[in-house]
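Order of the sequence lines sets the chain letters (A, B, ...), proteins ahead of strands, with each chain counted from 1.
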Amino acid sequence: MADTLKNTDSPPVVRFAPSPTGYLHIGGARTALFNWLYAKANSGRFLLRIEDTDRARNNPDAVKAIADGLHWLGLDWEGDAVSQFARAERHAEVAHELLTKGQAYRCYLTPDELADMRKQAEAEKRAFKIRSPWRDKGPDDGPKNQPYSVRLKMPQTGETVVEDKVQGPVTFANQDLDDFILLRSDGSPTYHLAVVVDDHDMGVTHVIRGVDHLNNAARQSQIYVAMDWPLPVWAHVPLIHGSDGAKLSKRHGALGVEAYRAMGYLPEALRNYLVRLGWSHGDDEIMSTAQLIDWFGLDGIGKSPARFDTQKLEDLNAHYIRDSDDDALLRHIQTLLPEMEGGSETVKKLAENDGWTKLKLALPGLKPRAKTLCAIVEGAAFITAERPLTLEPKAAKLLDDDAKSVLAKLRSQLETVDAWQPQTLEDAVRSFAEDTGLKLGKVAQPMRAALTGRTVSPPVFDVMAVLGRSESLARLADQSS
RNA sequence: GCCCCGUUCGUCUAGUGGCCUAGGACGCUGGCCUCUCACGCCUGAAACACGGGUUCGAGUCCCGUACGGGGCGCCA
């Protein structure tokens, strides 16, 4: 935590600035998390801004999806989300100030002319660089009543150094940076202008974003310089790649966070997984939010890209499921169920016969066996199963004639059990096995098959306790002979 | 093509010149526990991209090569 502004008087201000193109994808979620943690770790402020400068990208549903995703992850921002589009006038104002200061100029090059120049450069196999003839003309030299764009007069010699907290100092030769557009010919601001003006106006002190913006930082820093504004601290974090090392695609991880929620992941697990992608604190793997806030710093962020690994996410999720208390888990399941396949039917069934009570009772047995909430629901299917149970093939195979006669004998034994509790039931079954000279497994496996219709389940004694006396005995009777 | 950045077990990473016969985690082997499956515990295999320097000494510093990534819009 050796960040420069850490010990200065003013607390840092950071922001997450997604463009509203779709859902909150996994890379964006991590960027948001890093920003949020940085703010929390340094008693700073975390703001949200929607980069909707390009109206074609505007999409209210996307804004909502992003907000929902952030809320679900527990990343709350201060105040209302800022709409970049709404601030277009201010952006134009700054562009005009730059114009009067002589730091920018009116460029009458048309998009068509530019396209031709680009094509020609390509044909000649040389790097295309915009050299606007208007750069050195006077402010009144242009044609009257012609649309023009406003370009920043970038320095043409020397170099621009981006002092980056993650990447280190990154040097760009100014001759490689051309005069980019601040204001389009229709008067609307471009992204570069808008980001800088908004970050400045919002008091953003630290810009933490993906490395795909590193080159932009060189350009953008020249706007700060031209306006004589203090530069923010930059921190460009590496991107997240798919499991095959290629760019994140839908197949492996580029899903929205809501997709992970629907798959039964816990927000704290996803957060823990995401923070370890690119950031580390020694050998620590499982970290509470409080620890994260305590430990997070820009100096712990690595420079190389990470691959998304579902298995590790699953493992983390399993950890958090095991550590969750039953009521919290139940609430999560409750909100998730309606979105799951066949979930509404399960909800209906759980509403009958004390289903929820039974589920809660079964949770301790289900938790260590599940990697996701969906797996818990799946494992709890025996609770809502209706008699006579449909048996899985393997379970049916277990219930051969021998097994069925064992179950018949066992069932009459169990009828005499008064306290229908796991321990007493286990005692009863164990002594039954001993008396009949059978190994416990020879009794328990057929029981499991009869009780759940499966070969895998929580301990059979727990299952019987959850199911209750009459249901348990009835299911055993169904498979007795 | 040009400009930036990166490269430690399959994956995420620790490592800031000697503590490294390179540590942890996920996954994978084998085993223990055990009514099944998990959990838990114990084991094992598995990496410093390559080539040159610098240094008494390099995973750690420098240069080059290869590979990978990002960027080169009146998109964000």
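The partner of C35(B) cannot be assigned: no Watson-Crick or G-U wobble pair with both contacts below 3.5 Å exists in any strand. In this structure, U7(B) forms a base pair with A66(B), meeting either the Watson-Crick or the G-U wobble geometry with both donor-acceptor distances under 3.5 Å. For C19(B), there is no paired base (Watson-Crick or G-U wobble, both distances below 3.5 Å). Across all strands shown, C72(B) is found opposite G1(B) as a Watson-Crick or G-U wobble partner, with both distances under 3.5 Å. Of all nucleotides present, none satisfies the Watson-Crick or G-U wobble test against G59(B) with each distance under 3.5 Å.
In this structure, W134(A) has its ring center closer than 6.0 angstrom to the ring center of Y108(A). The aromatic ring centroids of F34(A) and H206(A) lie 6.0 Å or more from each other.
Across A22(B) and A14(B), the matching C1' atoms stand 10 Å from one another, rounded to whole Å. The separation of U21(B) from G59(B), taken at their P atoms, amounts to 10 Å, rounded to a whole angstrom. A distance of about 24 Å separates the C1' atoms of C50(B) and C12(B), rounded to the whole Å. Distance check on atom C1': C75(B) versus C62(B) gives 40 Å, rounded to whole Å. Between the C1' atoms of C63(B) and U55(B), the separation comes to 16 Å (whole Å). The separation of A76(B) from G40(B), taken at their C1' atoms, amounts to 49 Å, rounded to a whole angstrom. Separating the P atom of A46(B) from that of C33(B) is a span of 28 Å, rounded to the nearest Å. For the P atoms, the distance from A49(B) to U7(B) is 9 Å, rounded to whole Å.
A salt bridge links D199(A) with R49(A); the closest basic N to acidic carboxylate O contact falls under 4.0 Å.
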Practice problem: Begin with the C-alpha distance, continue with both residues' side-chain angles, and end with the deciding distance and a verdict on salt bridge (Lys or Arg N to Asp or Glu O under 4.0 Å) for E471(A) and R475(A). | Solution: CA-CA 6 Å; E471(A) 179 70 16; R475(A) 289 189 187 186; 2.7 Å; yes

Quiz prompt | E159(A) and T171(A): CA distance, side-chain angles, deciding distance, side-chain hydrogen bond (donor to acceptor under 3.5 Å, both in side chains) verdict | solution = CA-CA 7 Å; E159(A) 43 193 31; T171(A) 307; 4.9 Å; no

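The side chain of K312(A) has A25(B) as its nearest neighbour among A25(B), C74(B), C35(B). Side-chain proximity of F172(A) to the nucleotides C4(B), A76(B), C35(B) is greatest for C4(B). For N215(A), counting side-chain heavy atoms from C-beta on, the closest listed nucleotide (C12(B), G27(B), C3(B)) is C3(B). Here the nucleotide nearest the side chain of R430(A), chosen from G24(B), C35(B), A76(B), is C35(B). The listed nucleotides are A14(B), A38(B), A76(B); the one nearest the side chain of P368(A) is A38(B). The side chain of P305(A) has G6(B) as its nearest neighbour among G70(B), G40(B), G6(B). The side chain of H241(A) has G69(B) as its nearest neighbour among G69(B), A76(B), U11(B). The side chain of R184(A) lies closest to A76(B), out of G70(B), C35(B), A76(B). Checked against G10(B), A38(B), C35(B), the side chain of D309(A) finds its nearest nucleotide in G10(B). For E285(A), taking side-chain heavy atoms from C-beta onward, the closest of the listed nucleotides C12(B), C74(B), G24(B) is G24(B).
Between P459(A) and W279(A), the residue anchored nearer the 5' end of RNA chain B, judged by the nucleotide with its closest heavy atom, is W279(A). Two residues, V211(A) and S149(A), neighbour RNA chain B, and the one matched to the more 5' nucleotide by heavy-atom proximity is V211(A).
For C74(B), its base sits under 3.5 Å from the side chain of S185(A) at one donor and acceptor pair at least. Judged by atom type and distance alone, R369(A) reaches the base of C37(B) through a side-chain donor-acceptor pair under 3.5 Å.
Among the heavy atoms of the strands, none lies under 4.0 Å from L316(A). Within 4.0 Å (heavy atoms only), R118(A) reaches sugar-phosphate atoms of the nucleic acid but no base atom. Backbone-only contact: S304(A) has heavy atoms under 4.0 Å from sugar-phosphate atoms and none from a base. Within 4.0 Å of F461(A), counting heavy atoms only, lies at least one base atom of the nucleic acid. Among the atoms of the strands shown, none is found under 4.0 Å from any heavy atom of S188(A). Nucleic acid contact for G278(A): sugar-phosphate only, since backbone atoms but no base atoms lie under 4.0 Å from a heavy atom of the residue. Residue contacts shown for I181(A) include a base, since a base heavy atom lies under 4.0 Å away. Base engagement by P458(A) is indicated by at least one non-hydrogen atom pair under 4.0 Å involving a base atom.
Per the geometry, CG belonging to N216(A) stands 6 Å off P belonging to C72(B), to the nearest Å. Going from atom CG of D212(A) over to atom P of G73(B) covers 15 Å, rounded to whole Å. Regarding E426(A), its CD atom lies at a distance of 12 Å from the P atom of U36(B), rounded to whole Å. Atom CG of D315(A) is separated from atom P of G40(B) by 8 Å (rounded to the nearest Å). Per the geometry, NE2 belonging to H236(A) stands 20 Å off P belonging to C3(B), to the nearest Å. Taking atom CG on L313(A) and atom C1' on U11(B), their separation rounds to 13 Å, with Å as the unit. Here the P atom of nucleotide G15(B) and the CG atom of D283(A) are 9 Å apart, to the nearest Å. When the C1' atom of G73(B) is taken as reference, atom CG of L182(A) falls 14 Å away, rounded to whole Å.
Annotation for K137(A): atom NZ counts as buried by contact number, over 12 foreign heavy atoms lying within 6.0 Å. Enclosure of atom NZ in K442(A) is not indicated, since only 12 or fewer non-hydrogen atoms of other residues, nucleotides or ligands lie within 6.0 angstrom.
When the side-chain nitrogen and oxygen atoms of T455(A) are compared with OP1 and OP2 of U36(B), none of them lie within a distance under 4.0 Å. Side-chain N/O atoms of R106(A) include none lying less than 4.0 angstrom from OP1 or OP2 on C74(B).
In this structure, a donor-acceptor pair under 3.5 Å is present between the side chains of S188(A) and R184(A). Between D198(A) and H91(A), the side chains place a donor N or O and an acceptor N or O closer than 3.5 Å (distance only, hydrogens not considered).
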